[in-house]
Student: 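First, the structure itself, so that you have it in front of you.
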Amino acid sequence: MARIVQKYGGTSVGDVERIKKVAERIKATRDEGNELVVVVSARSGVTNELLARAKAVCEFPSERELDMLLATGEQETIALTAMALHGIGVDAVSYTGAQAGIFTDKVHTKAKIKTINAKPIVRDLENAKVVIVAGFQGINEEGQITTLGRGGSDLTAIALAAAVKADKCEIYTDVDGVYSADPRVVKNAQKVPEISYDEMLELASSGSKVMQTRSVEFAKKYNVVFEVRSSFNHNPGTIVKEEVAYMEKVVVRGVAVDKDQAKVVVSNIRDKPGSAAKVFRALADANVNVDMIVQNVGRQGVANLTFTVPQTETGRVAKVLEPVVAVIGGDVAVLEHIAKLSVVGVGMKTHSGVAATLFQALADAGINIELISTSEIKISVVLDLERADEAARVVHTAFQLDRP
Ligand code: ADP
Ligand code: ASP
Ligand code: MG
């Protein structure tokens with residue numbers, strides 16, 4: 001007998017037929033004598049639909065109300081999944097995030113999990129119930145519903161796996177593992193049997209939507225080994241775990257593309273100590289996530305600051321920077337027509353020449369590089385959105401990732 005946490009993403013519970021299939025899978029795991037906590041997402045598309053409706057009634061919806069609205073998506077699927085299980089004779093109970101004891105901080109729409117009171121869930125497991133938990137949501141100390149950021153059901157699953165001390169955590173999605181690139185874009189991408197937390201983290205934060213970034217951070221911190229696999233077949237998936245020595249032999253593990261970034265250029269600011277600090281202090285105070293940053297000093301004592309932010313935050317960036325440039329001078333321009341391409345691999349720590357190969361592959365394809373940034377195990381470039389998929393393919397080939 002094992003204690004297992006399974007998470008089913010939006011496409012896995014996309015309609016009633018899929019929910020019935022998922023119920024069958026849960027039953028099969030339960031019939032093997034396992035204890036089971038199941039986290040489900042909203043049906044695919046539902047969270048986006050709800051967001052669109054919010055925007056249709058109010059240009060800048062209150063984040064508290066957004067959480068109230070978005071949390072309903074998962075509430076539908078937990079109830080339906082529990083009912084589908086009842087229909088095939090499995091004792092199951094559904095819980096919202098709050099009912100599952102998931103306590104978060106107060107930051108609406110991207111709350112962090114602070115604690116989980118897993119006692120009631122454990123009691124249910126001991127009473128042979130399958131526990132179905134709504135992904136992506138929790139409750140803060142004021143009793144308000146919060147959500148955990150897009151893709152947050154992954155985090156719910158990993159955090160619950162840690163809280164109930166699960167033997168196994170399985171993330172079921174519509175691909176049978178983590179690939180060397182998004183298989184929808186790069187047709188000959190290869191499945192990776194095992195990947196380190198750090199590589200998965202960099203891929204996720206660079207746009208590989210297969211796992212939510214914060215869920216991988218959490219898994220690394222609490223050493224939750226998990227498997228990404230498909231709910232549409234029984235293929236073995238990808239195990240995500242602590243780095244082991246052999247992993248460094250592979251220089252580049254994968255290529256990721258992020259099309260949800262925007263480039264902000266603050267040009268002609270006074271080139272004085274404190275200008276950059278003022279810009280980024282204002283953004284930090286507004287909870288804007290800044291990623292790549294480049295500063296170049298122009299002529300006549302003015303400088304340009306260029307950085308990337310998530311597209312969802314561009315409206316706020318413009319507002320936040322207005323009073324800042326009134327003080328330090330300069331003009332703000334937001335450009336959304338960009339993409340960020342990254343190559344990731346722990347092998348970069350010990351191999352050289354990765355940047356040269358990357359830049360050459362892009363040069364050979366005639367693709368221009370706008371910004372560059374590097375970390376120990378990642379190199380990212382910003383390029384034209386239109387050429388992003390092509391760039392992913394040529395880079396994937398250049399690093400010979402299409403070989404099994
Ligand atoms: P879910 O709804 O189950 O959470 P997501 O849509 O969030 O599923 O994530 C699965 C998708 O992630 C896949 O359909 C795939 O297109 C995309 N994806 C992006 N990069 C990768 C990658 N490197 N490996 C596997 N899938 C990837
Ligand atoms: N339903 C949420 C979203 O679409 C959470 C999730 O699916 O993980 O982002
Ligand atoms: Mg997801």
Side-chain angles (χ1 to χ4, degrees), residues 6-14 18 22 39-52 66-67 69-78 97 109-111 133-138 146-160 170-193 195 199-216 226-232 235 237-238 240 252-260 312 339 341-345 388-389 392-393 395-396 401-402:
Q6 295 185 335
K7 177 254 173 176
Y8 292 91
T11 35
S12 300
V13 292
R18 287 297 315 158
V22 161
V39 174
V40 289
S41 291
R43 286 183 292 117
S44 59
V46 165
T47 307
N48 285 342
E49 252 167 56
L50 292 170
L51 266 174
L66 266 181
D67 279 351
L69 180 70
L70 297 188
T72 63
E74 272 71 12
Q75 213 171 315
E76 176 195 358
T77 45
I78 51 168
T109 78
K110 46 184 172 191
V133 179
F136 173 59
Q137 52 175 269
T146 51
T147 63
L148 309 176
R150 296 307 303 270
S153 301
D154 295 333
L155 176 58
T156 306
I158 305 267
L160 279 173
E170 300 172 329
I171 307 291
Y172 285 94
T173 179
D174 57 359
V175 274
D176 61 3
V178 179
Y179 278 68
S180 52
D182 187 343
R184 286 188 218 209
V185 176
V186 181
K187 291 285 170 254
N188 50 8
Q190 301 291 317
K191 183 161 71 186
V192 181
I195 188 168
E199 288 171 322
M200 189 68 250
L201 196 55
E202 292 284 15
L203 284 174
S205 68
S206 308
S208 290
K209 287 194 177 140
V210 61
M211 285 300 297
Q212 188 217 29
T213 308
R214 280 175 39 201
S215 72
V216 186
F226 62 95
E227 181 177 6
V228 178
R229 45 187 310 188
S230 170
S231 69
F232 293 79
N235 299 346
T238 297
V240 187
V252 170
R253 178 81 52 199
V255 179
V257 173
D258 188 347
K259 297 181 179 174
D260 298 328
T312 46
L341 176 143
S342 308
V343 293
V344 171
D389 288 350
R393 288 188 282 266
V395 169
H396 191 265
L401 293 172
D402 29 24

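Whatever order the structure lists ligands and atoms in, that order sets their numbers, starting from 1. Model, not experiment: these values are computed from the prediction.
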Student: Which residue holds the protein heavy atom closest to atom 7 (O) of ligand 2, what is that atom called, and what is the gap in Å?
Tutor: Ser41 OG, 3.1 Å
Student: Is Lys209 salt-bridged to Asp154, cutoff N-O under 4.0 Å?
Tutor: no
Student: Judged on heavy-atom distance to atom 13 (C) of ligand 1, which of Val228, Asp174, Val210, Val257 sits nearest?
Tutor: Asp174
Student: Output the list of atoms in ligand 1 that are nearer than 4.0 Å to some heavy atom of Thr173, sorted by atom number.
Tutor: 1 (P), 3 (O), 8 (O), 9 (O), 10 (C)
Student: Quick check on contacts: which atoms of ligand 1 are under 4.0 angstrom from a heavy atom of Arg184?
Tutor: 13 (C), 14 (O), 15 (C), 16 (O)
Student: Taking 4.0 angstrom as the limit and counting only heavy atoms of Lys7, give me the atoms of ligand 1 inside it, by number and element.
Tutor: 4 (O)
Student: Could you work out, for atom 15 (C) of ligand 1, the closest of Leu203, Asp182, Thr238, Asp154 by heavy-atom distance?
Tutor: Asp182
Student: Is the closest N or O pair between Phe136 and ligand 2 shorter than 3.5 Å?
Tutor: no
Student: Check Ser180 against ligand 1 and report side chain, backbone, both or neither, counting heavy atoms closer than 4.0 Å.
Tutor: neither
Student: Which ligand 1 atoms does Gly177 reach within 4.0 Å, using its non-hydrogen atoms?
Tutor: 24 (N), 25 (C)
Student: Counting only heavy atoms closer than 4.0 Å, does ligand 2 sit against the backbone of Gln212, its side chain, both, or neither?
Tutor: neither
Student: N/O of Val175 under 3.5 Å from N/O of ligand 1, yes or no?
Tutor: no
Student: Which atoms of ligand 1 are found less than 4.0 Å from any heavy atom of Tyr179?
Tutor: 22 (C), 23 (N), 24 (N), 25 (C)
Student: If you measure every N or O of Arg150 against every N or O of ligand 2, does any of those distances drop under 3.5 Å?
Tutor: yes
Student: Kindly identify the option in Ser153, Ala134, Gly45, Ala157 whose heavy atom sits closest to atom 6 (C) of ligand 2.
Tutor: Ser153
